[in-house]
Amino acid sequence: QVQLEESGGGLVQAGGSLRLSCAGSGRTLSRSTMGWFRQAPGKEREFLAAISWSDGNTKHADSVKGRFTISKDNAKKMVFLQMNSLKPEDTAVYYCAAGQRLTIVAGRVDAWGRGTQVTVSS
């Protein structure tokens, strides 16, 4: 079983940057594809980015491409989401997730973190 814990959220002004971290543990972690999602009040959870532990292949949602970048540190078993040029509409709870390459984009995951709040002020 995989356990995930996010950190790095907070309050930032529009145009600023934040780096979210996700620490993972569990026997099957290395076989997972890791992802970041977010959920704003009154909205559905939205896929943002994914990365494969094994080969580092990444996928980013069109809505954040060019502003958000997913990366990983295999030795530390951590995944990161660098967020630049933040906008008030990026305000949401951000979740780390572990799943499979072919299904994680659709939100079908094996484990979720508890989330970290990101608030972007105008």
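- Checked by atom type, the side-chain pair Ser52/Asn57 shows no donor-acceptor distance below 3.5 Å.
- Here CH2 of Trp36 is found 8.0 Å from CE of Met83. Values are rounded to the nearest 0.5 Å.
- In this structure, Arg38 CZ and Thr91 OG1 are separated by 9.0 Å, a value rounded to the nearest 0.5 Å.
- Residues Val79 and Trp53 form a side-chain contact, since some pair of their non-hydrogen atoms from C-beta on lies under 4.5 Å apart.
- The distance from the OG atom of Ser32 to the CD1 atom of Ile51 is 13.0 Å, given to the nearest 0.5 Å.
- In this structure the side chain of Leu86 reaches within 4.5 angstrom of the side chain of Leu18, judged on heavy atoms.
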Considering only distance and modelled atom types, tabulate donor-acceptor pairs under 3.5 Å from the side chains of residues 60-70, sequence neighbours left out.
residue: His60; atom: NE2; partner: Ile70; partner atom: N; Å: 3.0
residue: Asp62; atom: OD1; partner: Lys65; partner atom: NZ; Å: 3.1
residue: Ser63; atom: OG; partner: Glu46; partner atom: OE2; Å: 3.1
residue: Arg67; atom: NH1; partner: Ser85; partner atom: O; Å: 3.0
residue: Arg67; atom: NH1; partner: Asp90; partner atom: OD2; Å: 2.8
residue: Arg67; atom: NH2; partner: Asp90; partner atom: OD1; Å: 3.0
residue: Arg67; atom: NH2; partner: Asp90; partner atom: OD2; Å: 3.4

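- Between Ser121 and Leu11 the shortest side-chain heavy-atom distance falls below 4.5 Å.
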- Mind running side chain to side chain contact (heavy atoms under 4.5 Å, CB included) on Cys96 and Met34 for me, showing each step along the way? CA-CA 7 Å; Cys96 180; Met34 303 298 295; 3.8 Å; yes

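- Between the side chain of Gln100 and the backbone N or O of Ile104, no donor-acceptor pair lies under 3.5 Å.
- Counting heavy atoms from C-beta on, the side chains of Val93 and Thr116 never come closer than 4.5 Å.
- Sorted by first and then second residue, the salt bridge (charged side-chain N to carboxylate O under 4.0 Å, His left out) pairs involving residues 96-107 (not counting sequence neighbours) are Asp55-Arg101.
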- Residue pair Tyr94, Val118: steps toward the side chain to side chain contact (heavy atoms under 4.5 Å, CB included) verdict: CA-CA 7 Å; Tyr94 284 69; Val118 171; 3.5 Å; yes

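- Considering CG of Leu29 and CZ of Arg27, their distance stands at 12.0 Å, rounded to 0.5 Å.
- A cation-pi contact, defined as under 6.0 Å to the ring centre and within 45° of the axis, links Arg45 to Tyr95.
- Nearest heavy atoms, Ala23 versus Met78: CA-CG, 4.2 Å.
- In this structure, the side chains of Val105 and Lys59 come closer than 4.5 Å at one or more pairs of heavy atoms.
- Surrounding NZ of Lys72 are more than 12 heavy atoms belonging to other residues, nucleotides or ligands, all under 6.0 Å away.
- Interatomic distance, CG of Asp73 versus OG of Ser21, reported as 10.0 Å (0.5 Å rounding).
- Applying the side-chain hydrogen bond (donor to acceptor under 3.5 Å, both in side chains) test to every pair with at least one member in residues 3-15, sequence neighbours left out, gives these pairs: Gln3-Ser25.
- A distance of 11.0 Å separates CG of Leu20 from CZ of Phe80, quoted to the nearest 0.5 Å.
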